[in-house]
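No experiment lies behind these values; they were computed from the predicted model shown.
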Amino acid sequence: MKILKSHIFLYLIVAFWCATTAKAQLVADKKTQNVGDVRLYSENSVTFTLKNQNATPLNITKIVTSNSLVKATAEALSLAPNATTTLRVESSTPLAGRFTHAIYIYTDQSEQPLKLNVKGRGFLNPDDMKYSADSRNKSEAFAVDFGDLAFSTDNIEFDYVNVGDVVSKTIYVTNNGNNNCEPNLLLLPKYLSVKASPKVLRPGRRGYLVVTLDSRKLDQRIGLTQNVVYASSFAGEKAAKENAIPVSIVLFDTTSVIHSDNAPSLELSTTQLLLPPLKRSKVKGEVTITNNGKSNLQIKSLQTFHPAINVSLPKTTIMPGETIKLKVAMVRKYIDKSNAGHRILMITNDYKNPVVLITVDNQ
C-alpha cells in the first residue's frame, strides 16, 4: 500500500512538472507594449520577440487579434529549440481615449495561447492634449491678476473631449499679496470640479488648481459648451465680474463617425486666419473649404468661442470636388466682452476631421 501511494505521489509530481513546463514553451520579451499618446486614425507599429523555450521544435499555428484593426505577423512560424522570431503588430486607432489591443498566439505544443497586449491613448490632437514639462514652463508666466493672486490663464479650454471622457487642466497660481490665500474657483457647473494644492498659499509661494471635467455630466452631446467660473482668493468670497474666467468645452463622439473609403475629405485653406488690424468697427476675412472626398461633406455644426467673431456659410453640404467660402468677421465693440479665445469650431462628417478648430487673429 505504501508503494502504491509513493507511485501516485511521483506521478502527480511528474504531471505537475509537465503542465508547468508546457505553459512556458513560447515566451515573449514583453507581455505589454505601451505606444503612449497617438493621433486618431494613425497607423502604429510595435514588435515583440518570441522565443521557443522547449527542447523540441515548435510551430505557431494561429495568431488571433482582438479586433479587425489590429494585424499581427511573425517572421517565422516554425521555431527550433531556443530559436526566436519577431512578431510585428500594426494597428489603427479609430476611437479617442484609452485602448488595449490583445494578440493571442497559438502553437502545436499547447492549447493555451500566449497573450500579448498593446496599450495607448487616442487623441484627435495629441499635441494639444498632452501635458509636458515644456507646457508647464510656458504656463508659469503668471500674467493674469485676480486680486492678490496671479493665474497662468484667464481662459479654460477643454479641446477634443470625447463623449465619456474625464479630463483635467492645471492652472498655476502665485500669491503676490502679503497674506495667506486660499485659491479656488466659484460657481462651478455640475460637470466641473476643482482641487487646490496647497489649500493655503502663503505670500510669494506658487501652487496650482486642477480643474476636472466629467463629460458624462454634460447636457449637450456634441459641439461647444461654454460657461463662466470665478477666481477666488479666500473662503466665503463672493463671485465678482472682474474675476470671471470663461470655460469652453469641445465635445465630440468618434463612435458616430463612419470610417469609409468613400468618405468625404475636408481641406481648409488655413486653420490660423490672420485678419487686418482692427482699426475700423469690423474687419473681415475668409477660409476656403474644399471637399476632396468621394461623398458629400456635411458641416454639422459651426460655432464661435468669442462674441466678437461672426461667421457665415453659403451652405452646409459640400459635394465632392466643390469649394465654398467661410466668411469671418471680427467686431470691435465686442472684443472686451469675454476672455474666451478667438476661435471657430466646426464639426463635420469627415472621419479624419470630425472636429476642426480655426484660430482668428489680427496683424
Side-chain angles (χ1 to χ4, degrees), residues 37 39-40 95-98 121-131 135 139 144 146 151-173 183-196 208-232 239 241 243-257 271-272 299-311 334 337-351 353-360:
D37 297 340
R39 191 180 185 91
L40 256 61
L95 297 177
R98 297 183 184 275
R121 290 192 303 175
F123 288 129
L124 187 63
N125 190 337
D127 293 334
D128 288 347
M129 297 295 292
K130 198 160 41 177
Y131 172 76
S135 65
S139 67
V144 186
F146 296 101
F151 279 34
S152 59
T153 184
D154 60 354
N155 179 20
I156 303 173
E157 296 174 343
F158 290 93
D159 292 343
Y160 308 110
V161 179
N162 194 38
V163 171
D165 283 354
V166 178
V167 294
S168 298
K169 291 284 185 179
T170 302
I171 300 175
Y172 297 94
V173 186
N184 201 358
L185 297 176
L186 305 177
L187 301 185
L188 294 172
K190 63 182 180 181
Y191 48 79
L192 292 181
S193 61
V194 64
K195 184 176 181 180
Y208 57 89
L209 298 174
V210 177
V211 185
T212 300
L213 163 68
D214 187 344
S215 68
R216 297 168 297 183
K217 296 180 180 180
L218 284 167
D219 295 328
Q220 185 172 323
R221 296 302 294 169
I222 61 171
L224 177 64
T225 296
Q226 291 184 296
N227 213 312
V228 178
V229 296
Y230 298 85
S232 171
K241 184 179 180 181
N243 291 346
I245 299 177
V247 179
S248 300
I249 301 159
V250 176
L251 187 71
F252 71 109
D253 186 0
T254 52
T255 62
S256 65
V257 183
T271 57
Q272 295 181 331
I299 308 299
K300 296 181 177 181
S301 177
L302 185 66
Q303 297 170 283
T304 64
F305 289 69
H306 197 286
I309 306 300
N310 294 338
V311 293
Y334 297 124
K337 295 293 184 181
S338 172
N339 292 327
H342 294 174
R343 300 195 297 170
I344 302 167
L345 168 65
M346 186 185 301
I347 296 179
T348 81
N349 64 332
D350 177 358
Y351 75 91
N353 295 285
V355 179
V356 178
L357 291 173
I358 301 172
T359 302
V360 182

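- Few gaps surround CD on Gln226; more than 12 heavy atoms of other groups in view lie less than 6.0 Å from it.
- Contact detail for Leu209 and Pro183: the closest heavy-atom pair is CD2-O, 3.6 Å.
- We find the CG-CD1 distance between Leu357 and Ile344 to be 10.0 Å, quoted to the nearest 0.5 Å.
- Between Arg343 and Asp159, some side-chain heavy-atom pair lies under the 4.5 Å cut-off.
- Atoms CG and CG, from Leu213 and Leu218 in turn, are 5.5 Å apart once rounded to the nearest 0.5 Å.
- A pairwise comparison of heavy atoms in Val210 and Ser168 identifies CG1-CB, 3.9 Å as the closest pair.
- Closest heavy-atom contact between Val211 and Phe158: O-CZ, 3.7 Å.
- The structure places CG of Asn353 at 12.5 Å from CD1 of Ile347, a figure rounded to the nearest 0.5 Å.
- Taking CD1 of Ile358 as the start and CG of Leu302 as the end, the distance is 7.5 Å to the nearest 0.5 Å.
- Proximity of a side-chain donor or acceptor of Thr304 to a complementary backbone N or O of Val311 within less than 3.5 Å is not detected.
- Taking every heavy atom of both residues into account, Ser232 and Leu186 meet most closely at CB-CG, 3.6 Å.
- Between the side chain of His306 and the main chain of Ser338, a donor-acceptor pair closer than 3.5 Å is present.
- Of all heavy-atom pairs spanning Lys190 and Lys217, the tightest one is CE-O, 3.1 Å.
- Heavy-atom minimum distance, Gly341 versus Phe305: O-CB, 3.2 Å.
- One finds the CG atom of Asp350 at 10.5 Å from the NZ atom of Lys300 (value rounded to the nearest 0.5 Å).
- Applying the side chain to side chain contact (heavy atoms under 4.5 Å, CB included) rule to Leu188 yields the partners Leu185, Leu192, Val194, Val229; only residues at least two apart in sequence or on another chain are considered.
- Partners of Phe146 according to the ring pair (Phe, Tyr, Trp, His ring centres under 6.0 Å) rule, which considers only residues two or more places apart in sequence or in another chain, are Phe151.
- A donor atom on one side chain and an acceptor atom on the other are not found under 3.5 Å apart for Tyr334 and Asn310.
- In terms of modelled atom types and a separation under 3.5 Å, the side chain of Ser215 and the main chain of Gly164 share a donor-acceptor contact.
- Taking 4.5 Å as the limit, every side-chain heavy atom of Ile245 sits out of range of all side-chain heavy atoms of Val228.
- Residues Leu251 and Thr225 fail the side-chain proximity criterion, which asks for heavy atoms closer than 4.5 Å.
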Worksheet item: Between Asn162 and Phe252, does a side-chain contact (heavy atoms from CB on, under 4.5 Å) hold up when you go through it step by step?
Response: CA-CA 5 Å; Asn162 194 38; Phe252 71 109; 4.1 Å; yes
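- With hydrogens and angles disregarded, no donor-acceptor distance shorter than 3.5 Å links the side chain of Thr212 to the backbone of Ser193.
- In this structure, OH in Tyr230 is found 9.0 Å from NZ in Lys241, a value given to the nearest 0.5 Å.
- With a 4.5 Å cut-off on side-chain heavy atoms, Met346 and Thr271 do not count as touching.
- Residues Ser248 and Leu224 form a side-chain contact, since some pair of their non-hydrogen atoms from C-beta on lies under 4.5 Å apart.
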